[in-house]
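Here's the structure, in structure tokens; my notes come after.
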2 protein chains.
Amino acid sequence: MLNILIIDDEADMRHLIEMYLGNSGFACFSAESGFEAYGILENNVMDLVIMDIMMPGEDGFEVCSQIRKKSNVPIIFLSAKGEEWDKVKALQIGGDDYIVKPFSPGELVARINAVLRRTGGLKSDMDSIRIGKVAIDMKARKVSVAGKHVTLTLKEYELLLFFIEHKNQALSREQLLEYIWGIDYTGSLRTVDTHIKTLRMKLGVGDYIQTVWGVGYKFEVPDE
Amino acid sequence: MLNILIIDDEADMRHLIEMYLGNSGFACFSAESGFEAYGILENNVMDLVIMDIMMPGEDGFEVCSQIRKKSNVPIIFLSAKGEEWDKVKALQIGGDDYIVKPFSPGELVARINAVLRRTGGLKSDMDSIRIGKVAIDMKARKVSVAGKHVTLTLKEYELLLFFIEHKNQALSREQLLEYIWGIDYTGSLRTVDTHIKTLRMKLGVGDYIQTVWGVGYKFEVPDE
DNA sequence: TGCAGATTTCAAGATCCTTTCACATTTATC
DNA sequence: GATAAATGTGAAAGGATCTTGAAATCTGCA
């Protein structure tokens, strides 16, 4: 699930885009001003930003340059027909594409996919995993849940990875200890419980890690 | 046995599809509205959804996006010829295929199989067992009956597995205790009865576990 | 060395599972 | 049918397993 941030002062337009994108399997965040957007970007991992150019207060130009100071997230600009903006300008100020209102849902999704493909946002390498709301960047050893970064300790991270490699399998404490702590671990089985506890807490709602009574634990993937 | 959910406001169409699919070995569930469908999806494991696009109230578009929030179950859309929908749109909003009414039973089944193959719904690993309406995922230690998840306790699960390994054999309480509880079990024979009781209840109708008077119990497999 | 964060241990409390028991019901046998 | 033996069932005691918070220990690093 990719996260898209919509920045537009008009609530109707935000909702319309949210609906379009929601139906196409994107997770939407929205902000009615640059100020609000900065807060969202601070705490969440966005895969793409869609932003109106004409906004009261900070306009798209300024917001874009603010965002660019910290992030290379792809940005698509929206503009009403007749406004004196064109694709060249959009690209000059750091945008990635440009759509003229009104647009069809299909056009929007197509543009988004094109931009993501071009900027590498649709990476299909094995260095990142997404499962439910949990995203893992293996290269950076970084984990986010529903777009929010969470910092995991070494054991928590290894546990999570092992769970995901063996998703939907009931795993005993012995198995987990053997594979993560090593064959020569001699401590208590209860150690696993404590790490499960903290990992559950950090993964938040979702009940990814389920207790299999009398057996161990299981990472259950939503749906299927 | 794969479960297919049919969502269509027209009863005739639902029945027609049910008949087609029933004859091809699918188990059908049907709903006449999105609302009804959500309830079914909540409590059952569906392998595929067939949904009309044009429905009063929530249309296929909306229902699809609701379902997509929780599940990746494959969705095939139905549309009457002439409606202004095309395959591209169906796919954009999260569908997996698209069939124009009227269609033949053969076409429907072919499309279903194609989608299931594409989405990996036709997996045939040896880690799962299907017997009658009972499906067991051994790795996940998960059991479902007629598509409904049931949670078994440790002893119930082991009993069920032992029964299935020795299906159609009359097993004495002593045997069951020896193999499941262990050779050193010293408790009452009647303990088995209680677990049989709860297991029977959880497996629901079907009379899988039969009493062999004076001997013990037997897991009888319904004729395929 | 001293600190901060990570890891492990521990134990009380919560939760769930198992077993037992008493009584109801069914079945076999005379 | 009557009777005894075997099985079904609900409730509740008893056990085992998890969860959780806190404290102790370890580890890497300045």
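As the structure is a prediction and not an experimental result, all values here were calculated from the model. Residue numbers begin at 1 in each chain, while the letters A, B, ... track the order of the sequences.
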> How would you list all residue pairs meeting salt bridge (charged side-chain N to carboxylate O under 4.0 Å, His left out) that involve residues 144-172 of chain B, not counting sequence neighbours?
Replying inline: B:Glu156-B:Lys202

>> Treating primed atoms plus P, OP1 and OP2 as sugar-phosphate and everything else as base, which nucleotides of nucleotides 15-30 of chain D get B, S or - for protein heavy atoms under 4.0 Å?
In response: -BBSBBB---------

>> Under 4.0 Å, heavy atoms only, any strand: does B:Ser188 hit a base, just the sugar-phosphate, or nothing?
In response: sugar-phosphate

>> Just so I know, are the side chains of A:Glu220 and A:Asn168 near enough to count as touching, which here means a heavy-atom distance under 4.5 Å?
In response: yes

>> Could you tell me how far apart B:Leu189 (CG) and D:dA5 (C1') are, to the nearest whole angstrom?
In response: 14 Å

>> What is the separation between atom CG on A:Leu154 and atom C1' on C:dA4, rounded to the nearest whole Å?
In response: 16 Å

>> In this structure, how many angstroms lie between the P atom of C:dT19 and the CD atom of B:Glu158, rounded?
In response: 11 Å

>> Looking at A:Thr153, I'd like to know whether one of its side-chain N or O atoms comes within less than 4.0 Å of OP1 or OP2 on C:dT7.
In response: yes

> How close or far is atom P of C:dT7 from atom CG of A:Leu152, stated in whole angstroms?
Replying inline: 10 Å

> Taking five pairs at each end, how big is the angle between the two axes of the helix from C:dT1-D:dA30 to C:dC30-D:dG1, to 10°?
Replying inline: 40°

>> How many whole angstroms separate atom NE2 of B:His195 from atom P of C:dC16?
In response: 17 Å

> B:Leu176 has an atom CG; how far is it from atom P of C:dT18, in whole Å?
Replying inline: 15 Å

>> Distance check needed: C:dA6 C1' versus A:Arg141 CZ, whole Å only.
In response: 12 Å

> Distance-only, no hydrogens or angles: does the A:Asp47 side chain make a donor-acceptor pair with backbone N or O of A:Asn3 under 3.5 Å?
Replying inline: yes

> Quick one: does A:Arg68's side chain have a donor or acceptor within less than 3.5 Å of a partner on A:Val73's backbone?
Replying inline: yes

>> Please tell me whether B:Tyr208 and B:Arg200 have a donor and an acceptor in their side chains that are separated by less than 3.5 angstrom.
In response: no

> Does B:Ala140 offer a backbone N or O that forms a donor-acceptor pair with the side chain of A:Lys218 under 3.5 Å?
Replying inline: yes

> Please give, in whole Å, the distance from C:dA6 C1' to A:Leu199 CG?
Replying inline: 14 Å

> What orientation do B:Tyr179 and B:His166 show, parallel under 30°, tilted 30 to 60°, or perpendicular over 60°?
Replying inline: tilted

> Rounded to the nearest 0.5 Å, how far does CG of A:Asp59 lie from SG of A:Cys64?
Replying inline: 10.0 Å

> Do A:Glu32 and A:Met55 have side-chain heavy atoms sitting under 4.5 Å apart?
Replying inline: no

